[in-house]
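Computed from a predicted model, the values in this text were never measured in an experiment. Numbers here simply count residues along the sequence, with the first being 1.
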Amino acid sequence: MIRQLSKSVREYKVPALITPLLMVGEVAMEVLIPMLMALIIDNGVYAGDMDYIVRMSLLIVLAAVLSLTFGVAGAFTAAKASSGFAKNLRHDIFYHLQDFSFRNIDSFSTSSLITRMTTDVQNIQMAFQMLTRICFRAPVMFIFAIIMVANTGGALVAIFAVAIPVIGILVYILMRKVHPIFNRVFHNYDRLNKVVEENLTGIRTVKAYVREDHQIGAFDSSSKAIRDDFVKAQRLMAMMNPMVQAVSFACMLAICWFGAHLIMGGSMGTGQLMSTFTYTMQILSSLIMIAMVITMMTISRASGERIAEVLSTKADMELDGPGEKEVANGDIDFDHVSFSYGGKGQALCLKDIDLHIKSGQMIGILGSTGSGKSSLVSLIARLYDVTEGSVKVGGKDVRDYNLTALRNRVAVVLQKNTLFSGTVRSNLQWGDKDASDEEMERVLKIANADFIFQGKDGLDSPVEQGGNNFSGGQKQRLCIARALLKDPKVIIFDDSTSAVDTATDSQIRQALRRDVKGATKIIISQRVNSVLDADQIIIMNNGRIEDIGSHDELMSRNETYQSLYNVQLGGAKDAGSDE
């Protein structure tokens, strides 16, 4: 985990390495001051040497100024290093996610990834800042102060030989109990973010079904779980300070007792005892700081493990790896393909698919929910890899292509495609960033989306987040236009005209036949009239191809197709009619 996270330090290594050195300088000056004070008392005050007092006092002032300078500089470099590290960490997570395949993404929830990029990164940032400052300051302070106690207090240093192991054992026991609680807290954060995400994205559904109370209840339940775990953890952590304080006071009492005897015996001066008290406070405060660091590290350990889990997940598809960069044509061949989302040994959702499509054909795919329609076409663009067999596009296995090149030639229009905030122009440029206005107008007309030109802004019409200022049918048509701008060899419509009326659907299909002749067009639909004029219609059933044929052929022999046709179109005699 540490090795994985440390890769994100990069250009902030210098301030990260300078900070501990500045902390050492600050501590050295702080430890020097009590020694100078002891010398003033024992050698200046008792001797009445005013010159000596003045010289030592000036040295104390200089040490204090240097300590302050080192401390301020260390705070600045630590802040720069930790904030830069957090920036790089968020960058690395986000960029790594862009390389994930659909299978990789399926293994993490959206809410969990958001928590990892926000709350978890913030915890790591705080821990990193403490690591570069307090993690060096506290141990160095402890070591320097112990050395000074041994030098000035002599036998009094033995008191800490008892106190330190006691504190160490108590802290270890607490950390063992607290770490599992913090692990659970961050999983609860994932659930809370999921509730918020679902509520905000589905707010219209919540309002339509008057389910606000249910959503509030789900939110309160997740929030309460986080609160309860934090309370439990903080109760345990709250025990740390009283325990350390108890040991601290015991040490002070012991030093008072034994120090008084040493002074009476003449083996220790008053100034030495006073400096020993100061060093004792420094030792005990450093132990408290170490306990704080351990607490933060316990919290951040859970966050670090979650972030490292994402960063260490290897993308099972390489976006810009080696491979063929030209797709010859829109030929598609499924050679005995089986597929499971869980991989080999898991339940298959596609079973022994043997299918061959010629370039330029229009193919319709029908089937009930769960029959494998979307799974079938997702393999063409290599959104997932086959479990068995092979899928070929343009005569080559899709795994032999450069993934970017393949997806630039195999366009997929989903039922719930997303529009991004900006303008119509900026959204269309996802298909081709260099497309001219004329090209955009052409594909908008093919997609029957020329409603854009009815407004005064045209291509510069604003698009709100998620395209919420457009109707469902308008969004689908804009997404079709965006896909056409890629000039694909294969274009897949995954129920992407479900929100438009049958007349508009028919006009889009006619335009595709007329203006996109070279590309293979695959239309997945729940509506028979969307595939009536297809060259071939594929009937899917339970992950298998039940039948393939034209409308007339299927009407003559396939009961599933006949039933769909009769139910949806009422047995209309005109097979080409969309009414």
Side-chain angles (χ1 to χ4, degrees), residues 1-13 15-16 78-132 179 181-203 218-219 222-223 225-227 229-230 233 295-320 383 416 418-422 430 465-466:
M1 178 189 75
I2 294 175
R3 182 179 298 178
Q4 181 75 57
L5 298 181
S6 63
K7 295 176 183 178
S8 298
V9 179
R10 292 198 291 278
E11 70 269 29
Y12 298 98
K13 286 180 181 177
K80 182 178 180 180
S82 61
S83 59
F85 171 59
K87 179 205 73 172
N88 286 348
L89 201 54
R90 282 190 291 268
H91 170 280
D92 293 347
I93 296 170
F94 187 80
Y95 273 63
H96 191 58
L97 290 175
Q98 306 313 303
D99 293 333
F100 274 14
S101 67
F102 277 33
R103 192 187 301 277
N104 293 134
I105 293 171
D106 290 344
S107 62
F108 298 95
S109 68
T110 303
S111 57
S112 175
L113 291 173
I114 291 173
T115 305
R116 293 172 204 236
M117 289 190 66
T118 52
T119 305
D120 287 330
V121 170
Q122 185 178 10
N123 287 337
I124 293 297
Q125 178 181 347
M126 293 175 62
F128 186 76
Q129 187 168 5
M130 294 183 77
L131 182 68
T132 53
H179 178 66
I181 299 175
F182 282 120
N183 267 332
R184 192 166 61 245
V185 163
F186 293 115
H187 288 295
N188 288 333
Y189 266 125
D190 291 345
R191 286 196 290 272
L192 180 66
N193 283 339
K194 183 179 180 180
V195 171
V196 173
E197 177 196 358
E198 287 181 342
N199 183 71
L200 294 178
T201 56
I203 191 65
F219 178 86
S222 298
S223 184
I226 293 173
R227 184 205 66 184
D229 281 337
F230 261 119
T295 302
M296 191 64 227
M297 292 303 169
T298 301
I299 298 173
S300 62
R301 177 184 162 192
S303 293
E305 289 169 350
R306 286 158 52 83
I307 292 172
E309 182 184 8
V310 176
L311 293 175
S312 61
T313 298
K314 187 175 180 180
D316 54 18
M317 295 182 189
E318 193 173 353
L319 193 61
D320 288 312
L383 301 178
K416 295 182 179 179
T418 302
L419 293 177
F420 296 87
S421 55
W430 279 62
Q465 183 178 8

Minimum heavy-atom separation for [X] and [Y], please, with both atom names.
{"X": "Phe128", "Y": "Ala16", "answer": "CZ-CB, 4.0 Å"}
{"X": "Lys7", "Y": "Arg10", "answer": "O-CG, 3.2 Å"}
{"X": "Ser222", "Y": "Val195", "answer": "OG-CG2, 3.9 Å"}
{"X": "Ser83", "Y": "Gln125", "answer": "CA-NE2, 3.6 Å"}
{"X": "Ser8", "Y": "Asp92", "answer": "OG-OD2, 2.6 Å"}

Is the closest side-chain heavy-atom distance between [X] and [Y] below 4.5 Å?
{"X": "Ile307", "Y": "Gln4", "value": "no"}
{"X": "Phe108", "Y": "Val310", "value": "yes"}
{"X": "Leu113", "Y": "Ile93", "value": "no"}

Candidate pair Leu311 and Leu89, rule side chain to side chain contact (heavy atoms under 4.5 Å, CB included), full reasoning: CA-CA 9 Å; Leu311 293 175; Leu89 201 54; 4.1 Å; yes
Aromatic plane relationship, Tyr95 with His91 - under 30° parallel, 30 to 60° tilted, over 60° perpendicular: parallel
Pairwise distance [atom1]([X]) to [atom2]([Y]) - rounded to 0.5 angstrom:
{"X": "Ser303", "Y": "Met126", "atom1": "OG", "atom2": "CE", "answer": "10.5 Å"}
{"X": "Tyr12", "Y": "Phe85", "atom1": "OH", "atom2": "CZ", "answer": "12.0 Å"}
{"X": "Ile105", "Y": "Leu383", "atom1": "CD1", "atom2": "CG", "answer": "10.0 Å"}
{"X": "Thr313", "Y": "Asn104", "atom1": "OG1", "atom2": "CG", "answer": "7.0 Å"}
{"X": "Ser82", "Y": "Gln122", "atom1": "OG", "atom2": "CD", "answer": "11.0 Å"}

Ser300 versus Asn123, side-chain donor and acceptor atoms under 3.5 Å: no
Residue Phe420 excluded, over 12 heavy atoms near CZ under 6.0 Å: yes
Other residues, nucleotides, ligands: >12 heavy atoms within 6.0 Å of Lys13 NZ: no
Candidate pair Phe219 and Val196, rule side chain to side chain contact (heavy atoms under 4.5 Å, CB included), full reasoning: CA-CA 7 Å; Phe219 178 86; Val196 173; 3.8 Å; yes
Partner set under side-chain hydrogen bond (donor to acceptor under 3.5 Å, both in side chains) for Thr132, not counting sequence neighbours: none
Inter- and intrachain pairs under salt bridge (charged side-chain N to carboxylate O under 4.0 Å, His left out), touching residues 305-314, at least two apart: Arg116-Glu309, Asp120-Arg306, Asp190-Arg306, Arg301-Glu305
